[in-house]
Amino acid sequence: MPELPEVETIARTLAPEVVGREILGVSAPDPSALQPSLAGFAALAAGRRIVSVGRRGKLLLIALDNQGVIGVHLRMTGRVTTCGPDQEPDRPRAVLALSGGQRLCFADVRRFGSMHAFGPGEIEAWPFFASLGPEPLGLGAAEFRARLGQGRARIKALLLDQHVVAGIGNIYADESLFRAGIRPDAPACGISPRKRDGLLAAIQTVLAQAIAENGSSIRDYRDANGDAGAFQNHFKAYGRGGKPCLACGETMRVARVAGRSSTFCPHCQRGGGEAAVLCSAPPHKS
DNA sequence: ACGGATTCCTGATGGC
DNA sequence: TGCCATCAGGAATCCG
């Protein structure tokens, strides 16, 4: 599942393959992959030259020479890869033919993802893009503390909420909470400023390490060259339900939090548990 | 208004 | 062996 480190890795591996090339044509075995439509996408993208490849949250951004941009939502199983004229792309939903015989392929078995083409200045008006929270890497402690708020929402739900912070998904939420010693179901109102600072530090450490390892490959994720990442070998929480905690040996538990399976150590992650008292009193405001 | 639950989609997996 | 239920999850949307 591509989250921030995976999308960052795709951007870095895709850039040298496509930057400087012109988009010659657009084809789509599954036209629903393209927004606003196959014809609309082609009108915005064809004839444009790719000038850079970047990322915002989990959104892959392919910048065009007219200030337009292609935004790619990979969701769960989306893949963006390149393939030359002699290679057959594996079940692509959409293919961009590029100059020099290169092709950019978008495949996505579960079909949750999509590619959006935008004209100059249009993406800033896209509600999804405009409402994204700040990037977690480089985010200041004071702002992070404030963005979590004092509500009763569970901390994991907040980490997964792209309006709060952009780029974190189920894997890195579990890994960060483990390293910070906070239960995934802890309400925000019970997490002290000190704990919040520790959580941000854990998030930044985990994301940076995952980027350095080219992301995590559970089953679907591959970079633009088709290569897997390696950070799955460093998981301490995700996917370790029923196994002994790597820190204390206690059996890791799995619970449903924020609609996601969440793995945590009941011993190491007690932070926020004391919040039941702090949050129980209803906000008596007149 | 806020926060939880549901929905979309298909392949992998486990139980019988 | 084969079938069927279950699970995976990002984000929009629905619901209490």
Flag the pair A/Lys58 / A/Leu74 as yes when at least one side-chain heavy-atom distance between them is below 4.5 Å, and no otherwise.
no
(message) Using side-chain heavy atoms (C-beta onward) and a distance below 4.5 Å, is A/Leu199 in contact with A/Ile155?
(response) yes
* Mark yes or no for a side-chain to base donor-acceptor pair under 3.5 Å between A/Arg110 and C/dA8, with no hydrogen or angle criteria applied. => yes
When rounded to whole Å, the CE to P distance for the pair A/Met76 and B/dC8 reads 13 Å
Note to self: Does C/dG9 have its OP1 or OP2 closer than 4.0 Å to a side-chain nitrogen or oxygen of A/Tyr172?
What the structure shows: no
When rounded to whole Å, the OH to P distance for the pair A/Tyr221 and C/dG10 reads 15 Å
Exercise. Examine distances only and state if a side-chain atom of A/Arg48 and a backbone atom of A/Leu44 form a donor-acceptor pair shorter than 3.5 Å.
Key: no
note: A/Gln162, atom CD; C/dG9, atom P; distance rounded to Å ~ 14 Å
>> Between A/Phe264 and A/Arg253, is there a side-chain heavy-atom distance shorter than 4.5 Å?
In response: yes
Overall bend of the helix from B/dC2-C/dG16 to B/dC16-C/dG2 (five pairs an end, 10° steps) is 60°
In whole angstroms, the gap separating P of C/dA12 from CG of A/Leu59 amounts to 11 Å
*asked:* When you measure from the side-chain N and O atoms of A/Ser261 to the phosphate of C/dG9, is any distance below 4.0 Å, counting only OP1 and OP2?
replied: yes
By side chain to side chain donor-acceptor pair (under 3.5 Å), A/Arg145 pairs with (sequence neighbours left out) A/Asp197
Taking every heavy atom of A/Ala45 against every heavy atom of A/Ile23, the minimum-distance pair comes out as O-CB, 3.5 Å
By nearest-heavy-atom nucleotide on DNA chain B, the more 5' of A/Arg111 and A/Gly259 is A/Gly259
Rounded to whole Å, CG of A/Leu160 lies from C1' of C/dG9 at a distance of 10 Å
_Can you confirm whether A/Gln87 is buried at CD, in the sense that more than 12 heavy atoms of other residues, nucleotides or ligands lie under 6.0 Å from that atom?_
yes
For A/Ala224 and A/Ile10, the nearest pair of non-hydrogen atoms, with its separation, is CB-O, 4.0 Å
Take A/Arg93 and A/Ser32 through the test side chain to side chain donor-acceptor pair (under 3.5 Å) and record every step on the way to the result.
CA-CA 8 Å; A/Arg93 298 183 68 196; A/Ser32 69; 3.2 Å; yes
Between CD of A/Gln232 and C1' of C/dA8 the distance, given in whole Å, is 17 Å
Please determine whether a side-chain nitrogen or oxygen atom of A/Arg260 lies at a distance below 4.0 Å from atom OP1 or OP2 of C/dA8. no
Between the protein and nucleotides 2-4 of chain B, list every N/O to N/O distance that falls short of 3.5 Å.
residue	atom	partner	partner atom	Å
B/dG3	OP1	A/Arg152	N	3.3

Of the candidates C/dG10, C/dA11, C/dA8, the side chain of A/Phe128 sits closest to C/dA11
Is it the case that the base of C/dG9 and the side chain of A/Arg75 share a donor-acceptor contact (distance under 3.5 Å, atom types as modelled)? no
Separation of C/dA11 atom C1' from A/Lys58 atom NZ, nearest Å, is 8 Å
Exercise. Indicate yes or no: at least one non-hydrogen side-chain atom of A/Asn233 is less than 4.5 angstrom from one of A/Glu213.
Key: no
Taken to the nearest whole Å, CG/A/Leu132 to P/C/dA11 is 8 Å
